[in-house]
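Okay, so here's the structure we're looking at.
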Amino acid sequence: MSIADTVASLSGVGEKRAEALNDLGIVTISDLLTYYPFRFEDLTVKSIEEIEDNDKVVLTGTAISEGTVSYFGRKRNRLSFRMNCEHVIVPVTFFNQPYLKKQIDAGKEIKVFGKWDATRKSLNGIKILSTELTNQQEAIYHSSKKIRQSTILKLIKQAWKQYNEVIPEDLPERLRREYNLLTFKEMIHLMHFPTDDLDLEKARHSVIFREFFIYQLKMIWLKRQLKQTQSGQMIDYDVRQLITFFDSLPYELTSAQKRVVNEICKDLKTNGQMFRLLQGDVGSGKTVVAASAILAAKTAGKQAALMAPTEILASQHKQSLDEMFKNTDITIELLTGSTKKKERDNILEQLEVGKIDCVVGTHALIQEDVRFQTLALVITDEQHRFGVGQRKMLREKGLNPDVLFMTATPIPRTLSITTYGEMDVSIIDEMPSGRKPIKTFWIRPKHFERMTNFLKEELKKGNQVYVISPLIEESEMMDVENATTLFHMYQEILGEKAAVGLLHGKMVSAEKEAIMEEFQRNEIQVLVSTTVIEVGVNVPNATLMIIHDADRFGLAQLHQLRGRVGRGKQDSYCILIADPKGEKGAERMHIITETSDGFVLSQRDLEMRGSGDIFGKKQSGLPEFKVADIIEDFDVLEEAREAARQLIYSKEFYQDEDYAELRAQLGMTSENETILD
């Protein structure tokens with residue numbers, strides 16, 4: 001008998017019920033025992049004098065009448081009776097539960113859980129409780145149409161009764177004592193059957209710490225394993241050439257850029273394979289950092305590849321690198337889906353014999369016929385836009401090349417600890433000097449006409465404008481102007497004074513690319529777009545960003561959109577048009593106008609909306625914890641991470657029998673244990 005047994009081993013679980021449980025992620029007894037309640041009903045018996053209208057309460061008293069059932073409508077009924085509670089006669093009503101009648105006996109004690117109606121001094125019953133019930137808390141579980149929560153509770157009770165003696169302990173006593181944790185067995189019992197709030201609090205703390213601790217243990221062990229077992233290619237670069245390169249730039253690197261360059265170069269010099277995430281706000285100067293790594297590889301006789309999600313961004317990277325490397329002999333080529341066959345064949349040939357130092361491109365880089373001679377560095381821009389498989393295919397074109405991921409999406413430290421636990425993280429948290437902040441204003445729709453006058457003034461100066469709409473099509477659920485309506489509206493407002501373009505997600509890639517190129521060449525002066533506008537698109541002449549229904553966006557997204565302007569020497573502006581109905585919408589508008597720090601904004605966004613709303617649960621790469629919350633429980637997350645780090649870097653973890661269960665959870669074998677010793 002083991003908690004690894006399937007739930008089918010429980011009585012009452014046939015094929016259909018097992019399938020219903022499987023749909024909830026419950027396959028084994030272990031899954032069932034750790035299928036924790038999402039909330040608890042307070043079953044403490046209350047006095048009538050202390051309860052308020054609409055409170056969910058438990059009242060106990062004597063039934064002074066039998067239950068009577070009356071029928072009304074189609075398949076609807078009402079069960080009514082009265083109870084004497086503290087010498088007050090309380091009418092009790094249950095809807096559509098006629099079978100409860102047999103539990104009501106005049107003159108006998110009864111305990112009822114329901115919602116209090118203070119006006120009528122009556123109770124709308126939810127359920128009748130056993131008078132012998134001593135628990136003050138009742139667990140409520142997520143259920144489905146196929147299986148009721150009462151059935152889940154019944155099965156949990158059965159599983160506990162049959163299997164509680166074989167529940168293993170995964171954490172050694174010294175660790176539990178240090179972090180004030182219950183045993184695994186105690187924790188499971190009190191999570192399902194707490195006697196009071198203190199029990200529940202102890203159990204929840206133990207679950208949260210365990211979830212974070214085991215996840216972080218896996219992440220930190222993976223990182224150490226990669227560093228010690230995955231030998232990369234040591235890039236023994238020429239530091240003098242790098243210094244000459246930095247001296248040739250028309251600006252000095254910021255302190256943050258220098259720090260990040262040093263972190264990356266230190267990794268390149270080691271035999272271990274680099275896995276580093278480079279985070280930098282819009283305009284913080286990530287490209288020059290990437291350029292220094294590319295040049296380092298070149299000076300060591302190695303090749304580099306930079307993959308971007310779109311042709312526009314790939315082309316921009318190529319232009320930026322050409323400008324930075326104009327005083328060097330480094331060879332950079334661009335390879336995308338649009339590259340002509342003759343040119344492509346030539347690039348592939350030169351790449352394979354090592355005559356190209358760095359190739360910049362899109363998904364075209366992972367085609368089977370793209371071969372390198374000495375690929376030692378892979379850089380992926382906006383890495384979340386690529387699938388894991390695509391990034392892996394590019395890495396496999398070299399012999400364990402060093403990997404640098406870049407993103408302009410500021411990720412709060414809260415998320416970076418969980419999402420990127422297996423990577424080293426470098427952050428450019430300082431903007432280059434001389435870069436003008438974007439002036440951000442929030443206006444109500446009634447001031448739209450005044451805003452259009454400002455728009456016309458910007459166009460008169462020869463500047464360009466973005467206009468953002470949240471939706472492509474009309475939606476009955478949200479009163480939002482769609483992109484097409486806005487496009488026609490701006491055409492009408494501007495007439496012959498400016499060319500207006502339209503960009504939205506229903507266009508094919510070639511159409512989008514063509515529209516953006518026209519905007520870059522200033523053939524379009526006003527670009528109306530949905531949020532498909534690319535991160536990183538560089539149009540220095542664009543000085544004004546207008547965002548309609550801005551309260552529909554999160555802070556991080558507003559900041560990303562705002563970053564499309566302010567790339568030139570002129571003053572730049574972002575105007576948010578919004579009439580928020582709730583306090584949160586107005587709060588977001590105030591926050592975005594007050595700060596331009598992407599990391600501050602992303603943390604506030606996370607606090608206000610939650611990680612799932614920002615990234616989307618499936619796309620985020622975030623682990624789904626059963627109880628722990630990376631925002632609410634961040635203090636415990638940091639504590640658990642430090643505990644995991646200390647353990648992974650201690651000899652005891654690999655030698656002491658007390659840690660055998662944890663080592664098994666990491667899938668460690670005797671071979672990799674000795675490697676990490």
Side-chain angles (χ1 to χ4, degrees), residues 282 306-320 334-341 343-344 360-367 381-382 384-387 390 408-409 455 459 463-475 480-549 552-553 557 560-565 567 616 619:
V282 173
L306 193 163
M307 186 163 71
T310 67
E311 292 196 9
I312 291 172
L313 292 180
S315 179
Q316 281 183 188
H317 278 306
K318 168 72 162 59
Q319 290 167 18
S320 299
L334 180 68
L335 185 64
T336 70
S338 300
T339 307
K340 298 285 188 291
K341 186 179 184 306
E343 187 184 353
R344 184 176 187 277
V360 180
T362 55
H363 301 81
L365 296 183
I366 59 177
Q367 299 296 316
D381 189 25
E382 290 307 325
H384 62 279
R385 299 277 296 278
F386 295 101
Q390 291 170 325
T409 306
L455 160 68
L459 291 170
N463 297 331
Q464 289 168 272
V465 180
Y466 290 100
V467 176
I468 303 296
S469 161
L471 293 181
I472 300 168
E473 296 173 343
E474 294 287 350
S475 165
V480 187
E481 298 101 329
N482 68 43
T484 309
T485 304
L486 283 178
F487 169 66
H488 293 308
M489 185 175 82
Y490 277 87
Q491 276 187 321
E492 194 176 320
I493 290 167
L494 298 170
E496 300 291 315
K497 293 174 185 172
V500 182
L502 176 63
L503 189 69
H504 61 66
K506 284 195 169 179
M507 292 175 167
V508 297
S509 294
E511 279 183 289
K512 291 181 197 171
E513 301 270 351
I515 294 285
M516 277 310 305
E517 283 171 13
E518 285 178 46
F519 189 58
Q520 284 177 312
R521 293 195 298 265
N522 203 358
E523 291 166 16
I524 291 172
Q525 285 77 51
V526 177
L527 182 61
V528 177
S529 173
T530 60
T531 55
V532 298
I533 194 73
E534 298 293 352
V535 171
V537 166
N538 191 27
V539 183
N541 199 47
T543 59
L544 176 60
M545 166 69 66
I546 299 165
I547 304 176
H548 284 259
D549 300 289
R552 305 284 186 186
F553 297 91
Q557 198 171 24
Q560 286 286 309
L561 290 167
R562 174 170 64 181
R564 305 285 69 76
V565 297
R567 292 167 171 259
Q619 287 75 36

Please set out all donor-acceptor pairs under 3.5 angstrom arising from side-chain atoms of residues 517-527, sequence neighbours excluded.
from, atom 1, to, atom 2, distance (Å)
Gln520, NE2, Gln316, OE1, 2.9
Arg521, NE, Glu523, OE2, 2.8
Arg521, NH2, Glu523, OE1, 3.4
Asn522, OD1, Gln464, NE2, 3.4
Asn522, OD1, Gln525, NE2, 3.3
Gln525, OE1, Ala499, N, 2.8
Gln525, NE2, Asn522, O, 2.7

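- In this structure, CG on Leu313 lies 6.5 Å from CG on Asp381, to the nearest 0.5 angstrom.
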Task: Residues Met307, Ile366; criterion side-chain contact (heavy atoms from CB on, under 4.5 Å); working and verdict - done: CA-CA 9 Å; Met307 186 163 71; Ile366 59 177; 4.1 Å; yes
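- Considering every non-hydrogen atom in both Ala483 and Ser469, the closest pair reads N-OG, 3.3 Å.
- Contact detail for Gly337 and Glu311: the closest heavy-atom pair is N-OE2, 3.4 Å.
- You'll find the side chain of Val528 reaches within 4.5 Å of the side chain of Val500, heavy atoms only.
- Side chains of Val565 and Leu544 form no contact here, defined as non-hydrogen atoms less than 4.5 Å apart.
- In this structure, Thr339 contributes its side chain and Thr336 its backbone to a donor-acceptor pair below 3.5 Å.
- By the 4.5 Å heavy-atom criterion applied to side chains, Met545 and Ile468 are counted as neighbours.
- Atoms CG and NZ, on Leu503 and Lys512 in that order, are 7.0 Å from each other to the nearest 0.5 Å.
- If you take NZ on Lys497 and CG on Leu459, they are separated by 9.5 Å, rounding to the nearest 0.5 Å.
- What you find for Thr362 and Ala314 is that their closest heavy atoms are CG2-CB, 4.1 Å.
- Arg344 places a side-chain heavy atom less than 4.5 Å from the side chain of Leu335.
- Here the CG-CD1 distance, from Leu561 to Ile547, works out to 5.0 Å after rounding to the nearest 0.5 Å.
- Interatomic distance, Phe553 CZ to Arg562 CZ, rounded to the nearest 0.5 Å: 13.5 Å.
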